[in-house]
Amino acid sequence: MGQYATLYALAKLNGHQAYVHPSMHQNLSSVFQITLPVIPAEVVGKIHWRNFDLHDCDTCCRNKLLNPTPVSVFALLIWASYNNWMSEDYRHIKGKYVWLTGYPCSFTFYHHICQEILQEFSFHDHIKEEANQYLLSLSGQHQDVTFVGVHVRRGDYVRVMPRIWKGVVADRGYPEKAMDYFREKYSNAIFVVTSDEMEWCKENMNDSMGDVCFAFDGRESSPERDLALLAHCNHTIMTTGTFGFWAAYLAGGEIVYLANFTLPNSPLLKVFKPSAAFLPEWIGIPADLSPLLPKQPMQDTSL
């Protein structure tokens with residue numbers, strides 16, 4: 001989604017006609033009513049493209065791009081996914097046939113045309129209907145329910161964050177703090193939880209107050225169903241990752257996110273700028289970094 005939104009915005013900004021690759025169109029068009037035309041696969045190989053990287057990678061990564069192997073391309077894409085935001089260079093992209101590469105994940109590329117982007121990511125009617133019907137079933141006899149979507153990203157982040165990025169994923173305390181924020185504002189809030197690890201959510205999130213619903217009977221669902229459900233809520237609690245970002249961006253309303261989730265010396269901060277990833281009006285709750293800190297030696301209290 002970030003690639004599509006950035007392509008749409010930069011093409012418009014530079015006076016180009018944007019086209020999407022067939023694989024991107026296949027992935028997105030089954031869920032959203034996107035409008036950019038598709039460039040036929042047989043045409044792609046016949047055009048002399050100018051590659052334009054939407055990241056500022058180091059020499060090693062540039063060499064891998066020029067001499068790609070399956071492994072190096074995968075590594076490059078992972079790197080690029082955290083290493084980009086809008087800059088003046090992107091307003092002056094030269095060339096008749098430009099191939100944008102990278103995994104842009106910053107709202108700074110497209111937020112100036114937010115309404116157009118939201119229109120591009122309109123869900124197909126049957127997907128919207130399913131999401132709205134599910135939320136209606138949760139409201140029961142209650143009137144004027146405020147739905148707060150909760151997305152908990154775990155999966156590979158549980159391993160990658162501490163080992164590579166000197167960071168953490170959300171612990172059990174974070175969603176409780178975030179939900180308490182909304183409980184204080186809305187007496188009729190219902191929290192709709194989705195995750196790639198629903199068992200963790202059920203074991204670590206307090207549902208004793210009766211206002212927490214683990215979506216789809218507490219089982220992991222398809223990404224498109226989760227995204228549609230979250231996007232049709234009134235507000236959002238997200239943890240980390242672009243999936244949670246897009247759920248929040250599409251839903252609008254108030255967004256609470258996990259902030260300061262790395263140590264100050266994290267290598268992630270060299271390529272990731274929080275101010276370019278989270279909108280200024282969003283509300284950050286600092287992560288608990290204590291699991292990453294050196295354990296203090298026990299003091300000898302004997303006399």
Side-chain angles (χ1 to χ4, degrees), residues 1-14 16 18-36 38-39 51-57 61 65 73-87 89-91 93 98-123 149 151 153 155-157 160 165 194 196 222-224 226-228 230-231 236 238-252 255 257-258 261 268 271-280 282:
M1 294 174 69
Q3 289 175 310
Y4 184 97
T6 302
L7 170 65
Y8 184 103
L10 291 185
K12 187 171 186 176
L13 193 63
N14 285 274
H16 290 285
Y19 292 87
V20 295
H21 192 274
S23 61
M24 177 184 286
H25 184 268
Q26 181 179 4
N27 290 333
L28 294 177
S29 63
S30 61
V31 181
F32 304 110
Q33 301 180 47
I34 55 175
T35 64
L36 290 183
V38 185
I39 185 168
N51 285 334
F52 192 93
D53 307 330
L54 294 176
H55 51 85
D56 192 17
C57 57
C61 284
L65 178 63
V73 167
F74 177 77
L76 176 66
L77 293 182
I78 295 298
W79 182 278
S81 68
Y82 287 101
N83 199 16
N84 49 80
W85 43 81
M86 188 62 186
S87 67
D89 292 347
Y90 298 153
R91 300 179 183 274
I93 300 176
V98 181
W99 186 279
L100 301 182
T101 60
Y103 271 38
C105 61
S106 171
F107 70 87
T108 58
F109 288 108
Y110 49 77
H111 191 56
H112 61 287
I113 52 170
C114 172
Q115 291 307 312
E116 291 182 50
I117 298 303
L118 294 178
Q119 184 63 38
E120 287 295 309
F121 291 134
S122 296
F123 290 91
H151 181 254
R153 176 69 160 88
D156 58 328
Y157 276 29
V160 170
W165 299 123
T194 69
D196 56 356
S222 65
E224 57 268 26
D226 281 354
L227 185 63
L230 295 169
T236 307
M238 61 169 286
T239 54
T240 52
T242 55
F243 188 94
F245 169 87
W246 279 105
Y249 197 80
L250 296 183
I255 289 92
Y257 67 94
L258 185 69
F261 53 86
L268 181 62
V271 293
F272 174 82
K273 185 159 57 174
S275 62
F278 307 113
L279 275 72
W282 291 11

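What you see is a predicted model; the values in this text were computed from it and never measured.
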Hey, do the aromatic rings of Y8 and Y110 have their centres closer than 6.0 Å? no

What's the separation between atom CG in N27 and atom OH in Y4, rounded to the nearest 0.5 Å? 13.0 Å

Looking only at heavy atoms, the pair that brings Y19 and L7 closest together is O-CD2, 3.4 Å

For R153 versus T239, what's the shortest heavy-atom pair and its separation? N-OG1, 2.9 Å

Identify the heavy atoms of H21 and V38 that sit nearest to each other, and give their distance. C-CG1, 4.3 Å

Main-chain N/O of I93 paired with N14 side-chain donor or acceptor, under 3.5 Å: yes

Nearest 0.5 Å, please: how far is CH2 in W85 from CZ in F107? 12.0 Å

S29 and I34: which non-hydrogen atoms are nearest, and at how many Å? N-CD1, 4.0 Å

Under 6.0 Å between the ring centres of W282 and F245? yes

Heavy-atom side-chain contact between F123 and L250 under 4.5 Å: yes

Determine whether H25 and P22 make a side-chain contact, defined as any pair of heavy atoms from C-beta on separated by less than 4.5 Å. no

For residues F52 and Y90, establish whether the separation of their ring centroids is below 6.0 Å. yes

Value for CZ (F109) from OG (S87), rounded to nearest 0.5 Å, stands at 7.0 Å

Considering only heavy atoms from C-beta outward, does the side chain of L36 approach that of M24 to under 4.5 Å? no

Give me the atom names and distance for the closest heavy-atom approach of S106 to A276. OG-O, 2.6 Å

What is the distance from atom NE2 of H112 to atom NZ of K12, rounded to the nearest 0.5 Å? 7.5 Å

Please report whether the ring centroid of F121 lies less than 6.0 Å from that of W246. yes

Should we say atom CD of Q33 is surrounded by more than 12 heavy atoms from elsewhere, each under 6.0 Å from it? yes

Would you call L230 and T236 a side-chain contact if the rule is heavy atoms closer than 4.5 Å? no

Side-chain heavy-atom pair L227, M1 within 4.5 angstrom cut-off: yes

Specify the closest pair of heavy atoms between T242 and C105, including all atoms of both residues, with the distance to one decimal. CG2-CB, 3.7 Å

